[in-house]
Amino acid sequence: MLDINFIRENVETVKQGMINKGEKEPELVDQVLAKDEEWRAFVHKLDTLRSENNAKAKQIGMLMGQGKKEEAQAIIKETGQFKEEVKALEEKERILSEERDSLLYKIANVPHPSVPVGHTEDDNDVFATWGTPNNEEWRKPHWEIVERYGWVDFERGVKVTGAGFPFYVGPVAQLQRALINYFINEGVAAGFTELQAPYFVNEDSARGTGQIPDKEDMMYTIPRDEFFVIPTGEVPVTNYHRDEILKESDLPINYVCHTPCWRREAGSYGKDVRGLNRLHQFDKVEIVKIVKPETSYEELESLRDHAEKLLQALELPYRTLLMCTGDMGFTQTKKYDLEVWSPGQQRWLEVSSCSNFESFQARRMQLRYRKDGKSTEMVHTLNGSALALPRIVSAILEAYQEENGKVRVPEVLKPFFGREYL
RNA sequence: GGAGAGGUGGCUGAGUGGCUGAAAGCGCUCCCCUGCUAAGGGAGUUUAUCUGGAAACAGGUAACGAGGGUUCGAAUCCCUCCCUCUCCGCCA
């Protein structure tokens, strides 16, 4: 969420940001300010009343201490009305602040000035392209390749769990494991701290990174134990420092973490979900950065750069999109998507999304740092995939296949295989 | 899962109904003293939020695991939940 004081001082910027992101109700900005005004008036009233009440209680205490019971009794009589009044105001204050917060949760993060204004994916900027897409006719989509060799077992996945939960078999299982290893190793080599995280989180964590309220339908839940199954490693890793005040010298903090990700993907269909394109469970290596505000845009570039280098090392042609205002999420200020070329399908597949959230998540999480050893300030958080798995597997299968059907092992993965072909 | 003990500030740790937002110690910051080092002296040191103020700051409110309750008044009493530790059980 945004800082209410920031909204108050930047009404038009925030509203325009909502409009540019295609949010339907920019008037929420006015509503939250009105509600905040109302809340502040109430708080003032309530605090004054409490203050008077506290003074009386103190006085009673003193009189009792001196043995002046009668005088004390007289004041106790006076306090009766206060009590009910305070209670009523407290209730009202609670409702008002809840109403204000629920409005505040609906105010979108403001896009950075460098982000192109636009409504659809056609308005995204192509920030970079790398490599030359293979377009030979003989190249097959990955689902044909894996079927031919029995490398991914969709049917048994359906039997054991359901659609979208395949088994990876033999060489492809090995390929996936090698990729995870490679990505983590590269993260560690870049100086990031490797983390292994829980796959279930509690409600506070789901709220901290913004999965609830609003996007709860994307997550699987464990109702009996009140857990949410993580849709991305971003959730546990960013929440790792929730409710903390970090030292300035701790920053920047960089984590690399592999987790499976579970997404319900309700309503998906067609070519989008064919083969490994979209699954209910997939693996991902995630980078999370916790940084000082003044460095967050440099950090975003370095995050994007890190992810791009991985694709380059795998020699997979890709393009990097700078997402326009309308095509980026509610919580981000700036976002790059990396799309790898899928020569078997003749389309781009999103394999990474690198975002700056500025203090939007930090404020929800009360994640701050102490500046100059004095005041506290919200940190900025960023995250990005480096990289998302099954689609990289697809791209490798399709790009490294040879006309005779064999699939070569990418050079950088050879240490994990010790052979030329899958 | 069962039984018991406990959760207080950056840390240790006092506090069983009233001038306690919290003793004391440690740590940390600033100042003084000091040829250097060591030692010593003084001041400061939770967070959020509201009001006033350009600001420095001043004042109020809330918070002692979380949420409810009793009371004029709760860190302190009662209830529910969470977590930690010890023992038992189970287990990779």
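The structure presented is a predicted model; accordingly, all values stated were derived computationally and were not measured. Reminder, nothing fancy here: chain letters follow the sequence lines and each chain counts from 1. Excluded from the calculations below are hydrogen atoms, water molecules and symmetry mates; all remaining heavy atoms, backbone and side chain alike, are included.
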TODO: Select one nucleotide: of B/C50, B/C19, B/A48, the one nearest the side-chain heavy atoms of A/Met62.
DONE: B/C19

Open item on the list: Does any part of the side chain of A/Trp262, heavy atoms only, come nearer than 4.5 Å to the side chain of A/Leu279, both counted from C-beta?
Closed with: no

Open item on the list: Please give the distance between the P atoms of B/G13 and B/G6 as a whole number of Å.
Closed with: 14 Å

Task: Under 3.5 Å on both distances, the Watson-Crick or G-U partner of B/G7 - done: B/C82

Open item on the list: Check the phosphate of B/U47 against A/Arg368, side-chain N and O only, distance under 4.0 Å to OP1 or OP2. Yes or no?
Closed with: no

Open item on the list: Taking B/A14 as the reference, what is the distance to B/G21 when you measure between their C1' atoms (whole Å, please)?
Closed with: 15 Å

TODO: State plainly whether the residues A/Arg8 and A/Asp3 are in salt-bridge range, i.e. N to O under 4.0 Å.
DONE: no

TODO: Both distances under 3.5 Å, Watson-Crick or G-U wobble: report the partner of B/C33, or none.
DONE: none

- [ ] Measure from CZ on A/Arg100 to C1' on B/A48 and round the result to the nearest Å.
- [x] 12 Å

Task: Opposite nucleotide pairing with B/A22, Watson-Crick or G-U, both atom distances under 3.5 Å - done: none

TODO: Would you mind checking if A/Glu90 and A/Arg94 are paired as a salt bridge, meaning a charged N to carboxylate O distance below 4.0 Å?
DONE: no

Task: Watson-Crick or G-U wobble partner of B/G52, both distances under 3.5 Å - done: B/C57

- [ ] Summarise how protein sits on nucleotides 69-76 of chain B as a single string, 5' to 3': B when a protein heavy atom is under 4.0 Å from the base, S for sugar-phosphate-only contact, - for no contact.
- [x] -SSBS---

Task: Residue whose nearest RNA chain B nucleotide is more 5′ - A/Glu37 or A/Arg370 - done: A/Arg370

Open item on the list: Could you tell me how far apart A/Asp225 (CG) and B/C83 (P) are, to the nearest whole angstrom?
Closed with: 10 Å

Task: Carboxylate-amine/guanidinium proximity below 4.0 Å for A/Arg368 and A/Glu377 - done: no

- [ ] Can you tell me the pairing partner of B/G17 across any strand shown, Watson-Crick or G-U wobble, with both distances under 3.5 angstrom?
- [x] none

Task: side-chain N/O A/Arg40 vs B/U51 OP1/OP2, d < 4.0 Å - done: yes

- [ ] Taking atom C1' in both B/U71 and B/G52, compute the distance separating them and give it to the nearest angstrom.
- [x] 34 Å

Open item on the list: If the threshold is 4.0 Å, N to carboxylate O, is there a salt bridge linking A/Lys159 and A/Glu155?
Closed with: no

Task: With A/Glu121 via side-chain contact (heavy atoms from CB on, under 4.5 Å) - residues at least two apart - done: A/Asn124, A/Asp327

Task: Nearest-Å distance once atom P is located in both B/C32 and B/A24 - done: 26 Å

Task: B/A5 versus B/A22 - spacing of their C1' atoms, nearest Å - done: 24 Å

Task: Minimum-distance pair of heavy atoms, taken over all atoms of A/Ala307 and A/Ser385 - done: CB-O, 3.8 Å

TODO: Cation-pi check, A/Arg408 to A/Tyr421: give yes when NZ or CZ is under 6.0 Å from the six-membered ring centre and within 45° of the ring axis, no otherwise.
DONE: no

Open item on the list: Taking pairing as Watson-Crick or G-U wobble with both contacts under 3.5 Å, can you name the mate of B/C77, or confirm there isn't one?
Closed with: B/G69

Open item on the list: If I pick the C1' atom on B/U8 and the same atom on B/U46, what distance separates them, to the nearest angstrom?
Closed with: 12 Å

Open item on the list: For B/G89, give the paired nucleotide (Watson-Crick: N1-N3 plus N6-O4 or O6-N4; G-U: N1-O2 and O6-N3; both under 3.5 Å), or none.
Closed with: none

Task: Rounded C1' spacing from B/A74 to B/G69 in Å - done: 11 Å

TODO: Would you indicate what A/Thr376 reaches in the nucleic acid, counting non-hydrogen atoms under 4.0 angstrom: base, sugar-phosphate, or nothing?
DONE: sugar-phosphate

- [ ] Between B/G18 and B/U76, how far apart are the C1' atoms? Round to whole Å, please.
- [x] 11 Å

TODO: If B/C64 has a Watson-Crick or G-U wobble mate with both distances under 3.5 Å, name it; if not, just say none.
DONE: none

